[in-house]
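Take a look at the structure below.
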Amino acid sequence: HWQDTCCIVLLRRAGNSNQVMFSLFLNLDNDFLKARDFLLSRGFVFITYEVLSLKKLLQIDTQAIHQEKLKSYVYIRTTSVNPSITYHARKEIHKAVRKILETEAKIFRRPFNEQFSTFDGEDHECALWLLLKRSQSEDKEVRLQAVQDLANNSHWHDYQYGTVAQTCDQRTAIGLARSKDIDLRFFLPPPPLPKIKNDYPIEDELRLLLVSLPQTGLDPCVQYFTSLALRESSQTLAAQRGGLWCFGGNGLPYCETLSKIPSETVELFCLQALVQHSKVSSHCDKIEAKGGLQLLQRIYQLRKDSAKIQRNIIRIIGNMALDERLHSSIVRAGWVSVLAEVMKSPHVIQSSHASRALANLDRDTVKEKYPDGVYVLHPQYRSSQPIRADILFVHGLLGAAFKTWRQQDIDRRLDKKASEGEEDYSQCWPKTWLASDCPALRIISVEYDTHLSDWKAKCPVEAHRKSIAYRSNELLDKLRAAGIGDRPLVWVSHSMGGLLVKKMLVDASKNPEMDKIVNNTRGIIFYSVPHHGSQLAEYSINARYLLFPSVEVKELSKDSPALKELNDDFLSFAKDKKFSVLSFAETLPTHIGSMIKLHVVPLESAKLGIGDLIPVDVNHLNICKPKKKDAFLYQRTLKFIQDVLAQEIGD
């Protein structure tokens with residue numbers, strides 16, 4: 001059409017050069033120039049109209065495109081599929097329109113908008129790729145915001161979740177797993193596991209792993225129980241070690257044959273021994289090198305009906321996650337998706353184990369590390385809420401990090417059945433009530449490894465059981481790794497846990513490296529703590545169901561010199577530091593077994609000598625378990641915490 005514009009262009013080649021010279025006859029009157037401009041603009045309008053008409057005629061089957069996208073995200077390797085006609089048509093239209101706009105920009109000497117390259121994508125698709133790119137930014141703030149935006153958008157399509165699962169980096173996957181109410185479609189399922197070599201059953205695979213690990217640096221009782229788990233190993237394994245083998249030596253008189261024990265029980269024995277190995281960094285390297293992460297994944301998938309087995313496995317993963325060198329291996333073994341799923345568990349024990357493992361993996365937002373037995377009850381997810389202070393819960397020595405602090409349930413006698421615990425507990429009030437009332441607090445509960453006596457056999461080296469002094473040093477190191485002492489701190493303790501708190505504070509006051517713990521302590525709550533001993537020491541046979549085993553129960557003797565010395569040392573510097581102290585004392589007797597009924601901690605023993613002492617009409621077990629949120633026990637505890645931390649948390 002432009003031939004009719006009477007605009008003559010003269011082309012002439014200059015010598016041997018490739019340069020083209022343009023000469024335009026410009027002896028045209030003003031009317032002709034106006035006509036030319038009009039025709040040019042009309043020409044471009046016409047071209048645009050033709051392109052849009054072509055696009056309209058080539059109606060694209062969006063359902064077909066969606067199916068093609070889904071094919072692109074199958075999680076297995078497959079042969080390439082020929083592109084569909086609709087995809088080619090859309091691509092050609094895109095290229096044609098881009099070429100036209102580029103030509104127009106050159107003629108009118110205008111810059112071409114490079115953002116046009118996203119023309120073929122829908123808005124939410126562009127946003128997805130932009131967020132994925134930002135999630136890998138070197139700028140930490142940009143990176144964290146991108147992960148938060150990915151997690152908070154509930155309008156992604158199925159294939160887009162698949163896109164994120166396959167393209168996000170390790171750091172982003174961990175951040176998504178620690179996001180509240182995350183959609184599990186963001187994560188790839190665990191990879192297919194290799195077949196078991198030589199068709200060994202699972203328990204034999206665990207034995208192979210255990211026997212390949214170093215046999216040093218373990219607690220003697222753990223060595224004994226490990227030998228119990230390995231006692232009945234096959235002749236093949238024995239041959240590999242050059243004969244019969246076990247950690248405690250051959251022919252232990254206390255070992256019972258495993259031929260009568262179900263395979264699930266053997267697995268549990270082995271896993272409990274493996275937990276102890278995972279506390280040693282060099283042993284974690286061996287577990288990873290021997291394919292332990294994949295073996296644990298297999299057991300986890302096979303034993304979905306056993307919360308105890310799964311809990312021990314996640315505990316091992318949490319211990320291994322303390323070593324940043326193993327993070328990539330943990331992620332590749334598919335544990336991020338498993339942990340993200342367990343975080344949604346309604347059972348506080350399961351979710352808290354997963355929360356600890358993910359916190360140890362998340363080096364982007366968590367500077368602290370949580371060793372074995374240190375659990376964060378709040379916040380368990382990434383949060384923009386700044387943490388102002390810490391609350392630390394310390395249970396009695398045969399209590400637990402979760403069940404000790406549950407909401408009061410039915411009145412149960414303290415017998416063997418009760419001491420063994422149950423899978424389901426009522427609410428953990430520090431995690432629910434206290435977290436909602438004081439969201440600016442980090443709430444931590446500690447647990448020491450006090451369940452060895454549940455392993456069905458009495459450990460022949462029980463004399464090695466830890467004393468209060470030993471446990472104090474052990475826990476102080478763990479608490480410093482978790483950042484205890486970096487913020488204002490309130491201790492909450494029950495029974496023998498209160499003696500442990502006093503011992504830790506006394507020890508920390510003598511150690512310059514632990515000064516922060518003492519200096520930042522704002523207050524202490526004691527629930528029925530036997531500051532001056534307990535009558536329980538007279539019933540050592542039954543006492544193991546409530547407090548210490550018989551070796552340690554000697555420390556509970558009434559008017560014990562060790563307890564008196566500890567109390568005097570604590571009071572001497574507690575008064576100087578002006579700690580705020582609140583004590584609760586039981587007034588009702590506790591049933592111990594079927595024959596004994598006594599006040600475990602009499603009122604005179606619960607009296608520390610400083611702070612308030614409040615008698616409560618409950619027994620020893622329920623002194624730390626409020627019946628409901630508006631009960632006096634909880635409300636008085638909450639008021640104390642808010643008062644001593646008023647400067648940090650305000651109203």
Side-chain angles (χ1 to χ4, degrees), residues 196-198 200 202-252 254-255 258 266-299 309 312-330 333 335 357 360 369-373 448-449 451-452 455 457 459-462 464-466 470 473-474 477-478 481:
I196 298 178
K197 299 176 183 178
N198 303 321
Y200 286 149
I202 289 293
E203 58 265 31
D204 279 353
E205 285 291 305
L206 272 173
R207 289 167 173 165
L208 276 170
L209 177 59
L210 278 174
V211 78
S212 70
L213 299 176
Q215 301 179 19
T216 58
L218 296 180
D219 182 281
C221 277
V222 177
Q223 293 180 357
Y224 168 76
F225 286 114
T226 303
S227 71
L228 177 62
L230 300 175
R231 175 74 169 148
E232 295 296 318
S233 59
S234 66
Q235 291 300 317
T236 303
L237 294 179
Q240 291 178 5
R241 298 288 297 179
L244 292 176
W245 50 268
C246 67
F247 284 97
N250 297 332
L252 287 176
Y254 294 95
C255 286
L258 293 185
V266 177
E267 290 170 22
L268 188 57
F269 284 174
C270 293
L271 288 171
Q272 287 171 324
L274 204 56
V275 165
Q276 307 305 318
H277 282 281
S278 67
K279 296 177 184 179
V280 184
S281 179
S282 59
H283 293 205
C284 290
D285 293 335
K286 297 286 186 182
I287 293 173
E288 189 273 333
K290 296 292 183 179
L293 289 169
Q294 290 75 20
L295 175 60
L296 292 174
Q297 184 73 256
R298 186 192 303 279
I299 299 171
I309 283 182
N312 274 284
I313 291 174
I314 294 177
R315 185 177 172 188
I316 294 168
I317 300 301
N319 290 344
M320 295 181 69
L322 290 167
D323 189 341
E324 293 185 41
R325 296 173 301 135
L326 299 178
H327 285 190
S328 295
S329 298
I330 292 172
W335 283 107
N360 285 337
K369 291 187 177 182
Y370 298 101
D372 188 70
Y448 2 103
D449 198 9
H451 298 291
L452 292 179
W455 286 11
C459 180
V461 289
E462 186 144 17
H464 186 74
R465 292 294 297 268
K466 281 76 172 177
Y470 187 100
N473 292 326
E474 188 178 50
D477 290 337
K478 291 183 177 184

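With Lys279 contributing its side chain and Asn319 its backbone, the two residues share no donor-acceptor pair below 3.5 Å. Here the side chain of Gln297 pairs a donor or acceptor atom with the backbone of Ala333 at under 3.5 angstrom.
Legend: residues meeting side chain to side chain donor-acceptor pair (under 3.5 Å) with Asp285, ordered by chain and number and at least two apart, are Arg325. Partners of Lys369 according to the salt bridge (Lys or Arg N to Asp or Glu O under 4.0 Å) rule, which considers only residues two or more places apart in sequence or in another chain, are Glu324. Evaluation of the side chain to side chain donor-acceptor pair (under 3.5 Å) rule for Asn360 yields no partner, not counting sequence neighbours.
Atom CG of residue Leu213 and atom CG of residue Leu208 lie 11.0 Å apart, to the nearest 0.5 angstrom. Annotation: the span from Asn312 atom CG to Gln272 atom CD amounts to 5.5 Å, rounded to 0.5 Å. For the atom pair OG (Ser328) and CD (Glu288), the distance works out to 10.0 Å, reported to the nearest 0.5 Å. One finds the CD1 atom of Ile299 at 5.5 Å from the CD atom of Glu267 (value rounded to the nearest 0.5 Å). Rounding to the nearest 0.5 Å places CG of Leu274 at 8.5 Å from CE of Met320. Going from atom CG of Asp204 over to atom CG of Leu209 covers 12.5 Å, rounded to the nearest 0.5 Å.
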Stepwise side-chain contact (heavy atoms from CB on, under 4.5 Å) test for Leu296 and Trp335: CA-CA 10 Å; Leu296 292 174; Trp335 283 107; 3.9 Å; yes
Verdict with reasoning, Leu295 to Ile287, per side-chain contact (heavy atoms from CB on, under 4.5 Å): CA-CA 10 Å; Leu295 175 60; Ile287 293 173; over 6 Å; no
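Contact record, Leu326 with Cys284: CD1-CB, 3.8 Å, taken as the closest heavy-atom pair. Shown here for Leu322 and Pro371, the closest heavy-atom pair between the two residues is CD1-CA, 3.9 Å. Of all heavy-atom pairs spanning Leu271 and Ile316, the tightest one is O-CD1, 3.9 Å.
Using a 4.5 Å cut-off on side-chain heavy atoms (C-beta onward), Leu210 and His277 make contact.
Atom NZ of Lys286 has 12 or fewer heavy atoms from other residues, nucleotides or ligands within 6.0 Å.
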